[in-house]
Each structure stands twice: as C-alpha cells, then as structure tokens.
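Lettering follows sequence order; numbering is per chain, from 1.
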Amino acid sequence: MSLLTVEGLSKSFKGLRAVDDVSFEVEQGAILGIIGPNGAGKTTAFNLIAGAIKPDAGTVTLDGKDITGHPPHKIAAAGMARTFQLMRPFYSMDVLQNVTVAVLAGGASEKSARDQAAGIIERIGLSQWRDSPTEGLPTAALKRLELARALAIKPRVLLLDEVLAGLVPAEREPVLGLLEELRTQDGVTLVFVEHIMAAVMRLSDSVLVLNLGQVLTQGSPQEVTSDPRVIEAYLGEEPSA
Amino acid sequence: MTSQPMVADQETRTPTPSAWWARLPWLRIGIVLAAVVAAIVLAYLRSGSTVVVTQAVVTGILIGGVYGLVAMGLTLIFGVLDIVNFAHGSFLAIALFLSYYLVAGMGMHPYLALLIVLPAMFLLGALVQRFVLAGAMGKPLENQLLITLGISLVIENSLLLFFGANPRSVSLPGDQGVAILGAVAELSRILAFVGALVLAGLLFLLLRRTSLGTAIRAVAANDAGAQMVGIDTRWIYMLTFAIGTACAGAAGVLVAPLVTIEPVTGALFNIIAFVVVVLGGMGNVVGALLGGLVVGLAEQLGALLLPGQSPLLVVFIVFVLVLLLRPQGLFGRSGS
Amino acid sequence: MTTTTQPAAATKALPKLPWSRHLLVTAVLAVVLIPLPMLLDPAAEAVAIRVLLFAIMSISWNIMSGFGGLFSFGHAAFFGIGAYSTAWLQVEKGVSPWIGMAVGVVIAALFALVMGVLALRYKLKGAYFALVTLAFAEMLRLWATNSDLVNRAVGYHVPLRPEESWWWMQFAPDSANYFFIALGLMILGLLVSILFLRSRAGQFALAARDDDEASAALGIPVVRYKVLTMMVSAALMATAGTLYLQYYLFIDPDLAFGSAMSIQAILPAVIGGVATIWGPVIGAVVLGPLTDITATLLRNPPPFLDFLAGRGGLDVVVYGILLVIIILVLPKGIYGALRDRWSRR
Amino acid sequence: MLEVKGLSAGYHHLQILHELDLEVHEGEIVALVGANGAGKTTTLKTLSGLVRPTAGSITFGGDQAVGVRPSELVARGLVQVPEGRALFGPLTVEENLRMGLWTRRKEARASADLEEVFELFPILLERRKQLAETLSGGQQQMLAIGRALMTRPKLLMLDEPSTGLSPKLTWTVLDAVKTIRDRGVAVLLVEQNAAQALNLADRAYVLESGSIVLSGTGKELATDERVRKAYLGL
C-alpha cells in the first residue's frame, strides 16, 4: 500500500477551481515531482495536503490514516513535513535556533535539541551560517534552512515547494545531491513542486503534470516531457490561423 | 508567488447594473433590524412603558447619527491608510475645547464655530499625518497603534495641562425640548443629528461623485494600482487623514452643547467610534453610519434591558460578539 | 553570492546561550538592590517602588505582546482582577492579601484562557485582537462600576491595621518592606520571563509569533502555546494588582481596569525595548521618576511656565512625546538600540 | 526609448536580477519570456519604480528613471499593467478607467480617450457600470489594459496578460496589444506563454535565473531549440 494517497482532491476559490479532482499515490521511499505552468494549482495542492487549507472534496491518506482536513500541526506530527515556496524562517532567531525549535517540535529533549540541530545544520551544509541571524542570509542558505527545519522533525514524507527557485545553477547541484541522499540513506519519501525541469528529470521516479487545476498526465520523466500536451501547456498554443 | 485571478474566466455572466445601494447586504441589514426590533420589544417588556421605550429609541437614533459621523472619519482613515487611529477621539476633544473657546470666549454661535473648527482640524490632521504618521507608514501595525496612542496621550494631557480638569459646557441659545414621535428631545440633539447626517452626506458625495473621492477609494482598494495610474499615494494619505480628522472635529462642534467638555470626553467617543467601525466593517463608510445608529440604539435600549448597569456594557457585549462572530463587520461584504 | 558551502567553519563549538547570563544579571540586580532603601529618602523610595511596579506590569505585557506577539491593549483587565480579588477577599471575607494574590493569579490566568481561546479560535489578529483585549478590560470596568458585589464605583479602601504585619502585607507608609515585596515580585517576573523563554513552551511561542503557519507545519500546536503565553502574562500582571492595592491601600474600577493602567504596562516595554528581557526594566527606570520630576517642575514652575502651576498631565504628555519619538527614531527601544550597536562592533 | 544597463535588483536579502541589459525602441513590441521564477515580474517592478535596483541604470526617454516615484514615472509615460491586474475592485469599470486620467485630469480632451478604449474593448462599454471585481478574468485584463491606456503611455509594460485566460481570450488580448502598438505605443510584454508572445513580438529576450541568456527577433526565437530548453530543460 502507498505511503501517501491523494484522491479526488478539489478546492475552489470564488468559483475558480484551483485544484480539480487531483489524485495520485506515492510509495514509501519514492520521489514524485509535480510540474505545471503558473496558476496550475501546485501550491494550492500542497496547502491542501499539508492542511494549511481545507479541501472542498477528496481525501488525503498518510500510511493508511485519513488526515484530510486535519490541522497542519497534527499532519506534521503524523510524519509529513513541508517547506514553503517563499522562505519563512523565524526571523527573530538565528539559524541554529530555527532548527533547534524544529527539533524540539519533533519531540526531542531540551537537553539534546541543540546538538541534534547542529548536526542537521552540518549535514545540510549550513555550518557556515549556523550562528548568523536569518535576516540577510542569501537565498541559497534560506532554502537550505527551510529544508533543515523540515528534516528536523524526522518526517516520513517531505513536501518541497520549489526548493531550487531563486538559486543559480551552481547552487542547485548540492541541493539535488542532498535530496537524493535523503531518499537513499534516510528513506524519506519526497513530493516536490519544481519548475526547473533538469532537476525534475534527474530526481523524479514519476512526474505529475498539473494544468488549470487538473492532472494533465502522470508518468516517467521521459514520458512526460515528450508528451505534446505538456509542451503545449508550457509553451502555449500555436495560433491555428 | 502565483496570484489567483479574482474570478473565473466565464464569459456568460449577464451585466448587472450596480448602484451602490444595490450592493448593500440587505439580508444582514434585515437581520440587524430584526435584532433591533427584538431589543425594542424586550425593552418594552422590561420597562412596561411605551413612553420610556420611545424616548430611548429617539435618543438612541439621534446620538447614533453623531457616532456615525465620528466613526466615518475613523473608518475612512483605516480603509485608506490601514491605521487604527487611537487618537481620533482626542481630535474630537480638541474640537470640543475649540468650540468652547469660540462660544464662551468670543461669543460665537455654537454652530458657526464649524466654520473655524472644520478647517482648523483639517489642517491639524494634515500636519499630524505629514510630520508624524508618514514616518510610520508601512511599518508594523503595532508601531502605528503606538504612535497614535502617543499622539492621543499628548493631546489629551495637553488639554488637561492647559485647561485643567474642570468640566465646561457650551449652551445653545434657545435650546429647548421638542416633541417628536411621542418623545421629547432637545433641539441641540436634533440639530446635531441633522448636522451629522448632512456632513455624512457631503462626505459620501465627495467620495462617490468627485474624482478626488474616487481616487481616495481607489487608493483604499489597491494602492499599488493607484500608483500605476499616477496617483501620488502620499498626498492621498495626507488628505484622507485630514478629512477623517475634520469629521471628528465637526462631530465635536455638533456635540459640544450635549456633553460636558473635559479632556477625557474624547476617550469615550474614541471607544464608541471603534465599536461603530467594527460593527460597520473596518473601512466601510456607509457601514459606519449604520453602525452608529446601531450603537446609539444599543446604548439607550441597553440601559432599559440591564437596568443598573452602564449602558455602555451592552454596547461592548454587542462589540465583542461581532468581533468574534463576524470581524469583517455587520455590513461588510461577505467572504474575505 | 557564494555558490558552495565552505567546510572550514564546520565544527565550531556551539555558542553559549544567554540564559545563564540573564539569570546571573537578575541575581546581581537582586543583591545590589536589596540595600537600596537604606540609601533613599522616603520620597525617593516611593519613586523606586513605582519603578518596580511599572517594571512588573511591563514585564508581564512584554511576555504576551513582545514575546507572544499578541498585542494587548487591555492589560488592565488582569491587573484589576488581581487587585479586586485581593481587595474583595480581604475586605469582605478577611482573607490575607497573599492568598488574595494567589486567587487573583488563578482568576486572571483563567480569564486569559477564556479570552485567548475565544479570540484565537476566531483567528483574530492585529488590530482586531488588540480591540478585543480593550473591550474585555472595558467590560470589566463597566461591570465593576455598577456591581454591588464589588462596591460599585466606590471601590475598596484596605482597612488600616494598628500594627505592621507581613501576613496582611501592610506596613508603615515609608517601610522598606514594600520595596522588598516589589523587588521580589519584579525578580520573580524576570525569572518567569527568562525561564519561560528558555523552555520548550517559550521557544514554541516565539516561533509561533514569528510565523504561525511555519510553526504549525513543524507540528507546533500554535493556539495552545499562544494561550499559554497569555496565561503566564496575565498571572504576573495580577500580582502587580495586589502590590498596587497593598501599597496605595485603595482601588476603584477606573484605576484598576481603566486604559491608563493598560498604557502604563505598555509604555516601559516599548521605550525600553519590546521583546527583550531587559527592555521593560530599563523603560520603567526611565519613566518611573518622570511623574515626580514633572510634578516638582509644576509645583515651582519657571516663570515662563507660571500659568501651569499646580496642573497635572505634564508627565503623560512627556510619556506620549517619548513614545512617538522612540517609535519613529528607535523602534527597537533603548535596550534594543544599544544591543544592536554593541553587536555591530 | 527605454534603456536598461547592468540592472541588479532583489527583495531584502534575495538577489533576483543579475546585471540585466535590455532596450525597447519606439513603436515595437518587445517580449520578455522565461520560466517561472526567472525574474520577469521583478524586472517590471524595478522598471516601474516599485523595487529599487541595487545596481545599474534605467533611462526612459533619455531621462534617469531610477529613484523616481512610480506615480511620476506614469506621468512621464512609463506605465505597467501588473500581474494580478491591481484593479480597483469595488469601483465600477468606468471609474477604474477614469482613474487612468488622473495625471491628466486638467486636460480638456481627456475623456475622449474613454471612447477609444471602448472601441478597443467593446465589452467594457457594455459593463461600464459594473464593479471591476465582478468581471471575468478576461474582462479584468482588458480593463487593466484599458486603464493603463487612459494614462496615455509611451511605453506599456504588460505582466503576463494571459494568466488565467482561455487560449481564445488570450488571442483577443494579444490582438489588442498589436492594435495598441499600431497606435504608436511601445509595448514590453512579459509572458510565460512563450510561443504566442514570441510570434507577436518584434524582438524578444529570454530570461533565465535573473539573467538574459538569449535575445533576437521574435520569429528567430520562436523556432529556437534553446528556448524550448529554457522552458522544459530538454
């Protein structure tokens, strides 16, 4: 049975169907990439799964347990962490404190939390900024901080919302390596929204394409990128006349 | 971040003519009216006297009009500048003292004082916005709250410092009781109500019918959009604050014959104005007028419903209920 | 922008946490201040007690509004609950103010619980939340003003006792004991803030203040910790109510629940530095003596201020001006600005 | 008419644009295409004065445009139709359009422009009394463009006018862009809908990670394999 199952997920805002009957499954240890043009409903879908907003219809099941519409903190406690597309550090804290809070939220003892946090920071490659305030950190570091904090609660499923956006190509590579390592070493299941196709191609076992709130297609990276409907959704329709 | 288009892409909608009154939430107004009627019936059952209830309703509506005018200024400032102005009542207090000195000191007719107080308060508002508040525009809400709190402390206590705590009063020549609808109301109260309605109407026309008013509403609706058509929003902010302050000033002149004039009088109006603004929906100018009437009635009927308690207690109970159940206000638009 | 991480800094030792330093300063403060009454004349001692009272109130406000990010405009509600619980139990039932203080603390915390659950359940934020706190305080004020249960607008005078008594928390007007009690409560307040912030709950509260969605996404039950923060703050504020009552021996609804009291809780923290441990204390030291300075000034005004002789209000005018200037020029308060300067060096 | 050199910009700690060069000449449609997050919207915001550049220069009609208030730039003829449209929702269609006259409210013939906009988008005439927020997405886009035209722009910058529109409506809007160009207004068109934008444009730039990686005529780029790569990473 799949670790994460999403079925018939739908949400409308003021009559606009932002997410329309979206279904997919992710196996334990798999990596699912979600792509789609602007306004396709990717972030909304994430928010629905992570409980930030309640769906109009559909179910989300994590490891056999129905978590549809549960508040976000319960979903996180059930083993699903997420990152935010626009980085949302705790601005009054430095990097170490940010991760320490997350470790505490994951249930660690107050005594060991800081050491564990320091360990995660080193692993994520943030050591250089460990004691820096979050204000003024470069994008690359903030993106990693999002990741470090999410990992600190030891999730089974990690939802990543554009962790590569805003990074220059050279900065992407180490993050990709890290994500691969998370799967192979930690067995974390990844669901990620991404625009950078090279990354999607390289990481994903399977790619889900959303367009106008609906699932356009799902398949292997090669299948998806050679699908004319996908190209059309991205490049736009050629004028017929 | 991807922005959501405001509405779905449907081309099948039929155009609907939409004058402003067609957009009022009539259902909720109906519910509020029903609540008012229920309160009146209850008040009648408790007091057992039609005269007492009629008197309460008339007094409530009359003072409610003035509350509405005070709150219109406050809500306008909130809608456009996004500032919760804790100093609004203090501006009203300044106007009270100004009219006291114009009337008692210079022998001016209480309502003629408007001609001086209105422009003076307008100017004061503009200066305060330009030189104090402008520095905090776009800062966190707390900072703006605290700045206006500081301004109110300065104003209220300067009044105390210079004029002392002795209560003063302004009397209207020829003020007497007038019988209306089976109740009696002082002429000054009726004139204050009428004056408030006239000024509220003028403000409404300014906002609806002039291009300046449209620009003010445009800034309230979307200040980025306003900049993109070339509106200098800084100027609109200053002007709006000045207009809002002038509303408080006008209300001050109108109520001067009705209240004891003390430095703390402003604080009372301030708190009532907040209640009215929340009731009417923050930023909703028409809602503020309706909210004023509701609060005026709640205050008067509340005195009958909970005898022995302060009439304001009922006002606050209504306030907290509205804040908790419908923070966007009784007359605000649904959703969002 | 750097493109790769540098492993050079990899295994630095973890930086020391500030808590032990804060606790040490608190201890030093306690020790240094204990002999103070011996050095002060009675008038100066009264000022010192006012400073301590301000500090306690503002430490409390700072816990909820600074660290918790829940802007309270009605902190007088908790103050008044403390003062009134003590007064009622003492005057009507003959119960010691110490017990009254404990009862006040519990009731204030429960009041905060109800208020917090209501306001946060309905997701009130910012100005709306501030207005709810104001409304709750005003409702208490109006209720007390008109309720026979608590002596209506008259309020309570604490009956004078023939002899000094710790049990009744009553001493000669210039007794140093008031100072010691006030000092003890302030030190308690500081300990509460420091230990709370150090705890798991306090860290969660800070995280929830900074970003409640991100906190929830980490599994932190945001509302629970926000309400808890409010309760801690309310409990501390209630002790200030008891202290006030026992020192001034009088309370009425306007004093206890009026917005002036709420404002006195806000000002020191804002002037000293919101969301810092020491800001409220520093702000109280700045503001506490102002009332006396201005009163002295107006008792014997310089010639050009002659017409103001004997008038009140100048102190609050100065508060107001200070408040505006601080917000515009030093939005982080005195302590915040100093700390930034030190750390930049 | 618009000349941008070495432009860098970002939000607080986040640098988004890296030394951008681009120009728009009179009477041409220039397209700026690129994937999501490439920095297209930030470019427009910087050009219209909403974001302050950290480095580089912008000149418009020969005058320095960095550090000038957005409202002043509008008066000079540099006008943006932002993504999300920034309409005045609770105002009517006509009020929205008339607000476009703000900088020229003292000119006598200003309201004749209203007729021109209605001619371009007849649907707006039909709905002139309707509130902007009750319009459909396509109508809102037309209204946003119409409002911008009322200011008499010399250069009109459109941010993703096709977002949320059906293909058919997108063409209605893009057709209007051509008409606008033919009336003598230069257009800078930012689009993720690359194929359509490139076909329409006289010249185009491809933006990737905040830098311009390709430029050329619209026709050239429309058939360029590298454009596909920038979008799909193929």
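Of the listed residues (A/Ala81, A/Ser92, A/Ala77), the greatest number of heavy-atom pairs within a distance under 4.5 Å of chain C belongs to A/Ser92.
Residues passing the side-chain contact (heavy atoms from CB on, under 4.5 Å) test with A/Pro72 are C/Ala216, sequence neighbours excluded.
Between A/Phe90 and C/Leu206, every side-chain heavy-atom pair lies at or beyond the 4.5 Å cut-off. When side chains are defined from C-beta on, A/Arg88 does not count as touching C/Asp210, because their heavy atoms never get closer than 4.5 Å.
Looking at A/Leu159, neither its backbone nor its side chain comes within 4.5 Å of chain C, counting heavy atoms on both sides. For A/Asp115, the parts sitting under 4.5 Å from any heavy atom of chain C are the backbone and the side chain alike. Interface remark: A/Tyr91 contributes backbone and side-chain atoms alike to the contact with chain C (heavy atom separation under 4.5 Å). Both the backbone and the side chain of A/Ala102 have a heavy atom closer than 4.5 Å to some heavy atom of chain C. Proximity to chain C (any heavy atom under 4.5 Å) is restricted, for A/Ala108, to the backbone atoms N, CA, C and O. In this structure, the portion of A/Ile153 lying under 4.5 Å from any heavy atom of chain C is its side chain and not its backbone.
For a heavy-atom cut-off of 4.5 Å, chain A lies close to C/Ile220, C/Pro221 in residues 220-234 of chain C. Against chain A, no residue from residues 271-288 of chain C qualifies, as none has a non-hydrogen atom under 4.5 angstrom away.
Screening residues 187-205 of chain C for side chain to side chain donor-acceptor pair (under 3.5 Å), with sequence neighbours left out, gives no hits.
In terms of heavy atoms, C/Gly219 sits closest to A/Ala76 at N-CB, 3.2 Å. Taking both residues in full, the closest heavy atoms of A/Arg130 and C/Ala13 are given as NH2-O, 2.8 Å, listed atom of the first, atom of the second, then distance.
Interatomic distance, A/Gln97 CD to C/Leu17 CG, rounded to the nearest 0.5 Å: 7.5 Å. We find the CG-CE distance between C/Asp211 and A/Met93 to be 10.5 Å, quoted to the nearest 0.5 Å.
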